[in-house]
Structures are given as structure tokens and as C-alpha cells.
Amino acid sequence: MTELPISLDLIAERNAVHAEALEEDYAALGRKLSRTGIDIDAIKERVAGFSVAVPSWGAGRGGTRFAKFPIAGEPTNIHEKLEDCAVIQQLSRVTPRVSPHFPWDKVNDYKALREEAAALGLGWDAVNSNTFQDQVGQAHTYANGSLAAQDAATRQQAVDHNIECIEIGRQLGSTDLTVWVGDGTNFPGQQDLGRSLDRYLEAASKIYAALPDDWRMLLEHKMFEPAFYSTVISDWGSSILAAQELGPKAKCLVDLGHHAPNVNIEQIVARLHRFGKLGGFHFNDSKYGDDDLDSGSINPHQLFLVFNELVEAELNPRDGFNPSYMIDQSHNVTDPIESMLSSAETITQCFAKAQLVDREALHAAQEANDTMMAFQALRRAYNVDVAPILAKARVEAGGAIDVLEAYRLSQYRSRKAQERKAVGLGAGIV
Ligand code: AOS
Ligand code: ZN
Ligand code: ZN
């Protein structure tokens with residue numbers, strides 16, 4: 001293994017400073033939980049088995065449609081992005097996989113890239129295709145759509161790109177292809193709403209046909225943007241219908257920011273699972289639309305309720321239960337590494353809290369139509385501060401007790417600012 005980006009001595013030194021307090025907090029929480037029959041070590045083991053992937057593009061400052069303000073030391077290629085993702089994994093120990101996006105992360109030798117990641121302690125998650133943007137030298141524009149475009153040659157180009165992504169993914173060791181398209185319209189009448197879906201389905205079925213046996217195709221729906229009047233795969237309804245039409249390897253991916261405000265996302269999760277179509281998540285938070293705010297920064301309770309449905313889903317397996325978890329945020333005002341460390345912590349906290357729900361009490365209250373006690377079963381779990389459980393799992397796996405403190409003390413970003421070439425103004429807005 002090549003040298004990891006953060007000094008092991010620094011992590012050990014800081015952990016030693018925090019160890020006694022952590023032991024005290026963990027023991028106190030253990031006593032509290034044992035009063036309700038919960039074994040804290042068993043919860044810690046489950047937390048230790050949890051992981052969430054980070055997106056390669058999340059390592060950069062995302063920016064908005066209006067501007068991007070790069071920070072010194074920001075990564076500008078997949079090698080640098082991998083290094084940053086390795087920092088997140090080294091400190092948090094819950095983000096062992098990176099989800100690449102093509103052609104953004106294109107290289108000549110994917111075998112070498114796979115080895116490079118492995119040397120940094122990283123594997124690969126879902127491969128993301130990109131037919132929402134034109135690339136230099138591309139034969140056909142995506143201005144009027146990609147998989148749903150009127151023009152057959154454009155659709156074929158988008159299909160070919162997705163098939164190329166599968167091939168790259170095979171070399172990296174991925175087993176999922178995530179397809180999000182920006183296809184849609186900005187004016188009533190611009191495209192036929194029925195026929196554009198037909199075209200999408202026909203093109204998507206060609207990609208589906210190219211999937212290896214053990215692969216899944218994850219369809220990511222999004223209500224609006226970049227199209228503001230209609231979007232081809234706009235909601236979970238369109239997504240599940242398309243996935244059902246394509247076949248068993250097609251599943252639905254829920255990006256938390258891709259719904260109308262106040263939509264009951266946890267119910268969508270339960271619905272998709274009911275029909276064996278829950279494929280995965282892009283975690284983020286939103287206040288108004290697809291804001292891509294940090295996970296749980298606005299509504300951590302919703303995130304907890306999503307995980308509560310996931311626990312229920314696991315207890316009631318349908319057609320397989322193996323959702324892929326990934327962060328998909330745009331970091332506009334923070335250091336992306338810090339945001340992802342903080343988000344990975346929040347996501348894992350919600351996972352842990354969902355494990356604490358007294359399922360017997362919940363189900364009994366539901367049976368008895370005892371609304372208040374059913375709600376309290378959830379509320380009791382949500383109110384527990386699970387931070388000591390996460391910290392203990394982390395330190396046992398070699399991570400840092402206080403991840404942000406260790407990161408700041410490492411001065412990683414300022415070291416990279418010396419080494420890396422600066423991001424040009426206006427570059428890489430995604
Ligand atoms: C776009 O809104 C989606 O969230 C996609 O997941 C997209 O591929 C990703 O955010 C990169 O732009
Ligand atoms: Zn997404
Ligand atoms: Zn999005």
C-alpha cells in the first residue's frame with residue numbers, strides 16, 4: 001500500500017487525547033441503552049459494517065449554475081480526487097468506495113487506476129454516465145436530449161457512451177451503472193410527452209441489454225433542472241415504470257434532492273422496496289429544490305425516517321435488498337473533504353439511530369392503533385446521541401475520533417495548495 005495521505009502518528013496522537021472521554025461516553029451510553037435491552041456493542045458492530053460511497057466529483061467545489069469559487073489545493077483530475085477521497089476514508093472509515101463519472105474521470109489505463117485506488121485503500125462504486133453535457137469533439141449535441149432525443153444518431157451516441165461506461169466499470173470492478181439524464185423540455189409543446197418516453201425506453205433497453213449478468217442499472221429520477229417544464233424521468237413513478245419495463249436488473253435510485261418540496265421520501269422508499277425496485281440513494285439535503293446541500297443539514301429527521309424504512313425493508317425482504325448508498329452534494333462554500341466527512345458522519349448517525357428503534361414496541365403500537373406510542377418508539381431512537389458509537393467503531397477501524405480536528409491539524413489542504421495546479425476560473429462547473 002502506498003503511503004496514506006494523513007499521518008498515522010497524528011491520528012494516534014489525537015485519538016490518545018480523546019480516548020478517555022470516549023470510553024466514558026461509550027460506557028454511559030451503553031448503560032443507558034442496556035436499560036431498554038439494547039446491547040451497545042451489537043449496534044457498534046452494525047455501524048462498523050455500514051458504508052457510503054463518495055462521488056469523485058464531490059471532491060471538487062461544485063459551484064452553482066452561476067459561479068464556482070475554487071479553493072486552493074482543489075483536485076483537478078481523478079488521481080487528485082482519489083487522494084482526497086482517501087483522506088475521507090482514512091479518517092471516517094465509512095467511505096471505502098468512490099463513484100466515478102465519465103468522461104470527467106477518463107484515463108488511458110483503468111487497470112492502473114484500479115490499482116492506484118486500491119493502494120489508497122479505496123474500491124469503486126457505481127459508474128455514472130454523462131449525456132447531459134456536450135464534450136469537445138462530440139459528433140451530436142445533447143442540446144435537445146440524449147436517450148430521449150428526436151435524433152436517432154444522438155440517441156445511439158448516448159447509448160454507446162453508456163455501454164462504454166459499463167466497459168470501464170468492468171475494468172474498475174464496479175457492478176452498477178447509474179443513469180441520470182437531463183432530457184426534458186422548457187416549453188409546452190416542445191416535445192411529445194408520450195413519444196419522448198418511448199424513445200427513452202427504447203434507448204435505455206439497448207444499454208440494459210449490454211449489462212453483465214451481475215450488474216444493475218440504476219435509474220435516477222429528477223423532477224426538474226436542467227429542463228424546467230417537463231423531465232423525461234421526472235419522478236419515482238416514471239422511474240419504477242421504466243425499471244419494470246426494462247427488466248429485473250433495472251432499479252430506481254433516489255436522490256434526496258430530486259423531489260417536490262415536502263414530498264414524503266420515506267414513503268417512496270417503502271413503495272420502491274415493495275416492488276423490489278429500490279436500487280440506491282444519492283444522499284444530500286435540500287431547502288428549495290435540487291440544492292445539493294450537505295446531508296442532514298436541513299432535515300436530519302427525514303434522513304432518519306428514510307433509514308427507518310430501510311430497516312423495515314431489510315426485515316421484509318422482497319426481490320433482493322442491496323441498496324447502494326452514495327453522497328451527492330455540491331460544496332459551494334466549504335472544503336469538500338470537510339463536508340463529506342461531516343455528511344458521512346450524519347448519514348451513519350441516522351443509520352445507527354434507525355437500528356435503535358424498538359421494533360417490537362413500534363409494531364405492537366401500530367397493531368393497536370396506538371399512534372402516540374408508535375411515534376414515541378421512533379422519537380426515542382431519534383433522540384439518542386449516537387456519536388460515541390460511531391467514534392468507537394471508527395477508532396477500532398483505524399480512523400480518527402474527531403475527524404475534522406485531525407483533518408485540520410494535518411494541514412492537508414494547504415499542503416495540496418503548494419503541490420497542485422490552480423483551478424482556472426469558470427472551469428469545471430457541473
Ligand atoms: C443531477 O442532478 C444528479 O444528481 C446526478 O446524480 C448527477 O450525475 C450528479 O449530480 C453529477 O452532476
Ligand atoms: Zn444525484
Ligand atoms: Zn441532483
Side-chain angles (χ1 to χ4, degrees), residues 52-66 68 75 78 81 85 97-106 125-135 142 145-147 158 161-162 165 168-169 174 176-184 207 216-228 231-236 238-239 251-261 263 265 268-269 272 278-295 297-298 303 306 323-332 336 339-340 343 347 427-430:
V52 54
V54 291
S56 64
W57 62 98
R61 276 282 193 102
T64 65
R65 288 191 291 129
F66 301 101
K68 170 180 156 108
I78 183 62
K81 289 176 191 172
C85 293
R97 293 175 311 283
V98 177
S99 185
H101 216 306
F102 295 103
W104 295 339
D105 297 329
K106 212 172 165 89
D125 208 82
V127 179
N128 299 265
S129 59
N130 179 344
T131 62
F132 49 82
Q133 210 181 28
D134 284 348
Q135 307 297 331
Y142 293 130
S146 59
L147 295 178
H161 167 66
N162 275 278
C165 285
I168 295 171
S174 303
D176 288 332
L177 171 72
T178 298
V179 182
W180 171 70
V181 294
D183 295 39
I207 303 168
R216 297 183 303 180
M217 185 168 165
L218 305 178
L219 310 182
E220 181 178 359
H221 62 271
K222 179 171 179 176
M223 187 180 55
F224 77 104
E225 200 204 19
F228 290 100
T231 290
V232 176
I233 301 295
S234 52
D235 52 19
W236 74 274
S238 311
S239 181
K251 308 273 179 190
C252 305
L253 185 139
V254 180
D255 182 310
L256 296 191
H258 289 187
H259 308 89
V263 156
I265 299 177
I268 292 174
V269 172
L272 291 175
L278 182 63
F281 290 88
H282 279 181
F283 291 121
N284 54 49
D285 213 336
S286 75
K287 181 75 180 160
Y288 302 104
D290 184 33
D291 310 332
D292 278 332
L293 299 177
D294 283 20
S295 302
S297 61
I298 305 296
L303 191 55
V306 164
S324 98
Y325 299 132
M326 199 184 95
I327 294 174
D328 184 13
Q329 304 172 164
S330 184
H331 313 110
N332 306 329
S339 262
M340 287 202 274
S343 294
I347 293 163
I429 299 174
V430 287

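Heavy atoms only: backbone and side chains are in, while hydrogens, waters and symmetry mates are out. Each ligand, and each atom within it, is numbered from 1 in the order the structure gives.
- When each atom of ligand 1 is checked for a heavy atom of Trp57 under 4.0 Å away, the hits are 9 (C), 10 (O), 11 (C).
- In this structure, His101 is part of the shell of residues with a heavy atom less than 4.0 angstrom from ligand 1.
- At a heavy-atom distance under 4.0 Å, no atom of Asn128 approaches ligand 1.
- Residue His101 forms a side chain to side chain contact (heavy atoms under 4.5 Å, CB included) with just one option from Ile78, Asn130, Val127, and that option is Asn130.
- Within the protein, the N, O or S atoms lying under 2.8 Å from the Zn ion (ligand 3) are His258 NE2, Asp290 OD2.
- When non-hydrogen atoms are compared, ligand 1 lies under 4.0 Å from the side chain of Trp104 (C-beta onward) but not from its backbone.
- Residue Asp255 has at least one nitrogen or oxygen atom sitting less than 3.5 Å from a nitrogen or oxygen atom of ligand 1, judged on distance alone.
- Close contacts between ligand 1 and Lys222 involve ligand atoms 1 (C), 2 (O) [criterion: under 4.0 Å to a heavy atom].
- Screening Ile327, Val254, Asp255 against His282 for a side chain to side chain contact (heavy atoms under 4.5 Å, CB included) leaves a single residue, Asp255.
- Only the side chain of His282 comes within contact range of ligand 1, with a heavy atom under 4.0 Å; no backbone atom does.
- With 3.5 Å as the limit, one finds no donor-acceptor pair spanning the side chains of His221 and Asp235.
- A search for ring pair (Phe, Tyr, Trp, His ring centres under 6.0 Å) contacts involving Tyr142 returns nothing, not counting sequence neighbours.
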Trace of the side-chain contact (heavy atoms from CB on, under 4.5 Å) decision for His331 with Asp294: CA-CA 8 Å; His331 313 110; Asp294 283 20; 3.6 Å; yes
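- No donor-acceptor pair closer than 3.5 Å links the side chain of Asn162 to the backbone N or O of Ile207.
- For the residue pair Gln329 and Ser343, a side-chain donor N or O sits within less than 3.5 Å of a side-chain acceptor on the partner.
- Considering backbone and side-chain atoms alike, His258 places an N or O below 3.5 Å from some N or O of ligand 1.
- When each of Val269, Leu218, Leu272, Ile268 is paired with Cys252, the side chain to side chain contact (heavy atoms under 4.5 Å, CB included) condition holds for Leu272 and for no other.
- Atom numbering of ligand 1 starts at 1 in the shown order; those under 4.0 Å from a heavy atom of Asp290 are 2 (O).
- Of the inter-residue distances, the one linking Met326 atom CE with Phe283 atom CZ reads 10.5 Å to the nearest 0.5 angstrom.
- For Asp328, a nitrogen or oxygen atom sits less than 3.5 Å from a nitrogen or oxygen atom of ligand 1, counting backbone and side chain alike.
- For the side chain to side chain contact (heavy atoms under 4.5 Å, CB included) test with Leu256, the passing option among Leu303, Asp285, Asp328 is Leu303; the others fail.
- Using a 3.5 Å distance cut-off with no hydrogens or angles, the side chains of Ser99 and Asn128 do pair a donor with an acceptor.
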